[in-house]
There are 2 protein chains.
Amino acid sequence: MATKHQHDHAEDDLSANEVRVLEALRDSKEPMSAYAILDRVRPSGISHPPTVYRALAGLESLGMVHRLKSLSAFVACGHGRCGGRFAFAFCRQCQRVEEISLDDEHYDDLVKLVPKDIHLEQTTLEFAGLCSACQAAA
Amino acid sequence: MATKHQHDHAEDDLSANEVRVLEALRDSKEPMSAYAILDRVRPSGISHPPTVYRALAGLESLGMVHRLKSLSAFVACGHGRCGGRFAFAFCRQCQRVEEISLDDEHYDDLVKLVPKDIHLEQTTLEFAGLCSACQAAA
DNA sequence: CTCGATTTGATACATTATATCATTTCTCAG
DNA sequence: CTGAGAAATGATATAATGTATCAAATCGAG
């Protein structure tokens, strides 16, 4: 993992495993479960779930990967990297995912909802629905 | 389950299992995993996971139970029952949970974020953080 | 170089969730 | 009332997701 924790921000500070996992996610451009990622990176030498989960945790803390809690799945950040001001919309049928950036105004409005006695650390905002294509198909 | 599906809205249309599961959740007043619920209702005769998950699905569709995706856990609705306009804030340390009602203004703002080509079915909004008590303890 | 710390690898297991089929219960047409 | 079909529940088995723990390798400071 080299010197990542001295200045948590340069892509080339990613560990080899993080790079492999990130590339798998970027290739897919669809959300992948940790085990789907594992299958995908197995040829490159990663062979155990904790290795994948560790890489994902690292990438998530850098904002380069986001976890979709509604799907128990992961996606590469559409912007390369971003902080906590994002949301996701996805189609429950075809699993197409759209990353949504929250502008300051929206984000600040959200934060106002949080009770005063909780120090906010992480916001999860996910919209599930059916995309036009899947509605048409139905 | 009696006549529930003819007019999805009266509490006394709940199945016996739904009543048991709902009471377990209301007793706890903290989020419970499906398996914690199972342990809790086992004395009353429920003994298999699918039974609990089925009851939870029914209760959730009635808005009487909400699933916290961030915790893979369930809570009884603080209002008895409510539609999709709610959010949760919880402390990652002590797991205390607060249900937040979204007023129309907030909700409509959120909905505007959803891409036009997705027909929204479900919104997940969850805030994770540390409550004052747990911060003090740290 | 070598000690200690950090990262990675590996094993094993815990937790969460669901597919499937068998059984029971309910409904209602006759 | 009754029996056939539908709906709900029970039970079994297993799939999918996630983590604790320790061992081995690697790295960096002294």
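As the structure is a prediction and not an experimental result, all values here were calculated from the model. Hydrogens, waters and symmetry mates are skipped; everything else that's a heavy atom, side chains included, is used. Every chain is numbered from 1 and lettered A, B, ... according to where its sequence line falls, protein lines coming before strand lines.
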Answer yes or no: is there a donor N or O on one side and an acceptor on the other, between the side chain of A/S101 and the main chain of A/F86, under 3.5 Å? no
Treat primed atoms plus P, OP1 and OP2 as sugar-phosphate and everything else as base, then score nucleotides 14-25 of chain C 5' to 3': B for base contact with protein heavy atoms under 4.0 Å, S for sugar-phosphate contact only, - for none. --BBBB------
Flag yes if B/M64 and B/L25 sit in one hydrophobic cluster, no otherwise; membership is Ile, Leu, Val, Met, Phe, Trp, Tyr, and two members link when side-chain heavy atoms are under 4.5 Å apart. yes
Phosphate oxygens OP1/OP2 of C/dT7: is one of them under 4.0 Å from a side-chain N or O of A/N17? no
Does OP1 or OP2 of D/dA11 have a side-chain N or O of B/S47 closer than 4.0 Å? yes
Rounded to whole Å, how long is the line connecting atom NZ of B/K69 with atom P of D/dG18? 14 Å
Just the rounded figure in Å: distance from C1' of D/dT17 to CG of A/L68. 15 Å
Protein-nucleic acid N or O pairs under 3.5 Å, nucleotides 24-27 of chain D:
none

Between A/D109 and A/H106, a side-chain donor and acceptor under 3.5 Å: no
Taking only Lys NZ, Arg NE, NH1 and NH2, and the carboxylate oxygens of Asp or Glu, determine whether A/R40 and A/D27 approach each other closer than 4.0 Å. yes
So, the side chain of B/E99 versus the backbone of B/G78: is there a donor-acceptor pair under 3.5 Å, distance only? yes
Whole angstroms only, please: what is the CD-P distance between B/E18 and D/dT9? 7 Å
Could you tell me how far apart A/L38 (CG) and D/dG18 (C1') are, to the nearest whole angstrom? 13 Å
Indicate whether OP1 or OP2 belonging to C/dG9 is found under 4.0 Å from a side-chain N or O atom of A/H48. no
Rounded to the nearest 0.5 Å, what separates atom CD in A/E30 from atom CD in A/Q95? 7.0 Å
So which pairs with a foot in residues 42-58 of chain A pass salt bridge (charged side-chain N to carboxylate O under 4.0 Å, His left out), sequence neighbours left out? A/D39-A/R42
Is the gap between the ring centers of A/F74 and A/H66 under 6.0 Å? no
